[in-house]
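Input: a single structure, listed below in structure tokens.
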Amino acid sequence: MQIGAYSFGDTQLNPDGSSRSTAEAIKNLFDAIVHADTVGLDYFGIGEHHTVSMPASSPSALIAAAAAATTQITLGSAASIISTDDPVRVFQQLATADAISGGGRIEITAGRGSSVETFPLFGFDLNDYDELYAQKLDLLLTLNNSQAEHVTWTGRTRPSISDLAVVPRPVNGSLPIWIATGGSAPSSARAGRLGLPISYGIIGGQPHRFAPLANLYRQSAAQAGHSGDNIKVSVATFGLVAPTKQEAIDRLYPGWVNLNLEMGKLRGWPAPQRRDFLAQVNAPNAYFVGDPDDIATRIVELHRHLGHMRHFFQGDHGGLPQEYLLESLTLLATEVKPRVQRLLAAK
Amino acid sequence: MGTALARQALKAGYQVRIATAKPAAENALLVDIVTPGAVAVESSQAAASDLVVLAIPLHKYRTLNPHELAGRIVIDAMNYWAPIDGVFDDFESDPRTTSEVVEGFLLNARVVKSLNHIGYHELEEDDKAAGDVTRRALALAGDDAEAKALVATFIDRLGYDAVDAGPLAAGRSFEPATEIFTGSHTAHQLVALIQKASPLADAA
Ligand SMILES: NC(=O)c1ccc[n+]([C@@H]2O[C@H](COP(=O)([O-])OP(=O)(O)OC[C@H]3O[C@@H](n4cnc5c(N)ncnc54)[C@H](OP(=O)(O)O)[C@@H]3O)[C@@H](O)[C@H]2O)c1
């Protein structure tokens, strides 16, 4: 089981509640990735968000920088919103990072985006949501699967490519491409049919309820004749590890309030309540907030349902102090991971 | 939402048919695994059921076939929330509630608005036996008494108290961003909220 982290960047707040700089958030995120590499975390995913509170808008740029500054960690977008980006650029940028990394440490996760920021920003029409995603994924896969530098592709959402060079090629020929989904059944079936690994973002509810989806994914893959290493599941959840569960709860809670206040304004939700937060922090619920024993036990329990090979966590939102993020990354790598390995081996 | 509702309805002992915009054959595996016990059908067959729940993205409502749904009892579980779903003129320029717009498009279907104000994972987690004082309640609104009675029974069997908010237009009180939409309430609380939203409504 691989243990990792993901982030959309986390803009710090001044004592009066105003935002500090978004540049600082990016530098913090970069430092956190380097730290994660040093302490031995397996994976770091960099999301694409376009908000002041979560300013990691350019996963490819950050991954390229991190590729040069790290030695062992796997780096991936989590996710690249390909619907509103040019898959040619996404592929080229991450293949470039792959070359810098020495090869084999860079992944792409293709997502549709869970909010609509990118559609107005890049001038796309939300009515085309489904078609944009399907076509751009097709182009991304065509580029990645190409045996040669020169590629040909035709579609409706982007000018066709007629035998043009798309370079550099990845060091090992291709990059791992994952499908990100928040849990829609058709997305699971699609990833299976395509024979691509699937990454579930589980931000609420009870994660073990994703078991039928993972099952659908695996059976769809089998039915389409796909098997082997590429058929695998990863899981992204909220999570923060601290020396004790109480500390973890107290550290994550203020940022959770800030995040929910902001989302509430957008989505018309009421003010967040502490009891709503506390209702989520214990098994079998969605927030992996606790001490290393608690988190390791819960990962292993969820593994029984989903059979995932990677679990990665986001705890930095709403202005989490950087030291808490770094300590959580350390504990994930040095305390949680060995426990998970031991518990899984004992089964 | 559709798959969660299907599982909950199966649990309540209903026969469930599921259709999407795709042909039934393409959904067979999905339905078998994700909603075991339900049957993947064409949308015309789904529309011929005793009770039809619409849980498609609202902006696609014009892709529904009004002739298939003519005369049917239909729950509209769909929502319009522009900051997330994008801006659609059909709903921006029309003073009616979204359910009335849908009903207008469907000609003579017997539309009841409900199930729009519970999250799909809550639907499978918050259900309780009838009589439990903490049981969560769901509102319904519609202009056809017989249709509303059927929907109220359905909601009860899913594990929730049903509270009648009045005519279809009264569904405004539980559209997105309202207190009813964003919270979780018992029947008692829900009745009070509905009366607060439209004091003349005859909430029962
Ligand atoms: N998510 C929730 O928790 C929740 C809760 C309450 C209410 N709702 C409401 O329910 C609606 C659906 O939300 P969702 O999250 O379930 O969306 P979703 O996951 O995108 O599912 C929508 C489904 O509708 C199908 N569909 C589209 N056009 C159709 C047509 N003409 N006939 C039959 N099926 C069609 C789609 O099938 P294809 O894949 O074949 O296009 C898809 O399976 C929204 O209006 C939402 O506001 C959602």
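Only this structure's heavy atoms are used, side chains among them; waters, hydrogens and symmetry mates stay out. Protein chains get the first letters and strands the later ones, always in sequence-line order, with residue 1 at the start of each. The structure displayed is predicted, hence computed values, not measured ones.
- Counting heavy atoms from C-beta outward, B:K60 and A:D130 have side chains that approach closer than 4.5 Å.
- Heavy-atom neighbours of B:Q15 CD from other residues, nucleotides or ligands within 6.0 Å: at or below the threshold of 12.
- Taking every heavy atom of both residues into account, B:T182 and A:G268 meet most closely at CG2-O, 2.7 Å.
- Of the atoms belonging to A:S220, heavy atoms from both backbone and side chain fall under 4.5 Å from chain B.
- When all heavy atoms of A:P212 and B:I33 are compared, the closest pair comes out as O-CG2, 3.4 Å.
- Contact detail for B:L30 and A:L216: the closest heavy-atom pair is CA-CD1, 3.5 Å.
- Within the 4.5 angstrom heavy-atom criterion, only side-chain atoms of A:Q223, from C-beta onward, approach chain B.
- Heavy-atom distances place no part of B:E179 under 4.5 Å from chain A, backbone and side chain included.
- For CD1 of A:I203, the number of neighbouring non-hydrogen atoms (other residues, nucleotides, ligands) closer than 6.0 Å is 12 at most.
- Contact of B:F88 with chain A is made through the side chain alone, with heavy-atom distances under 4.5 Å.
- Note: A:N127 leads A:D125, A:D276, A:N127 in heavy-atom pairs under 4.5 Å with chain B.
- Of all heavy-atom pairs between A:R209 and B:E125, the closest is NE-OE2, 3.1 Å.
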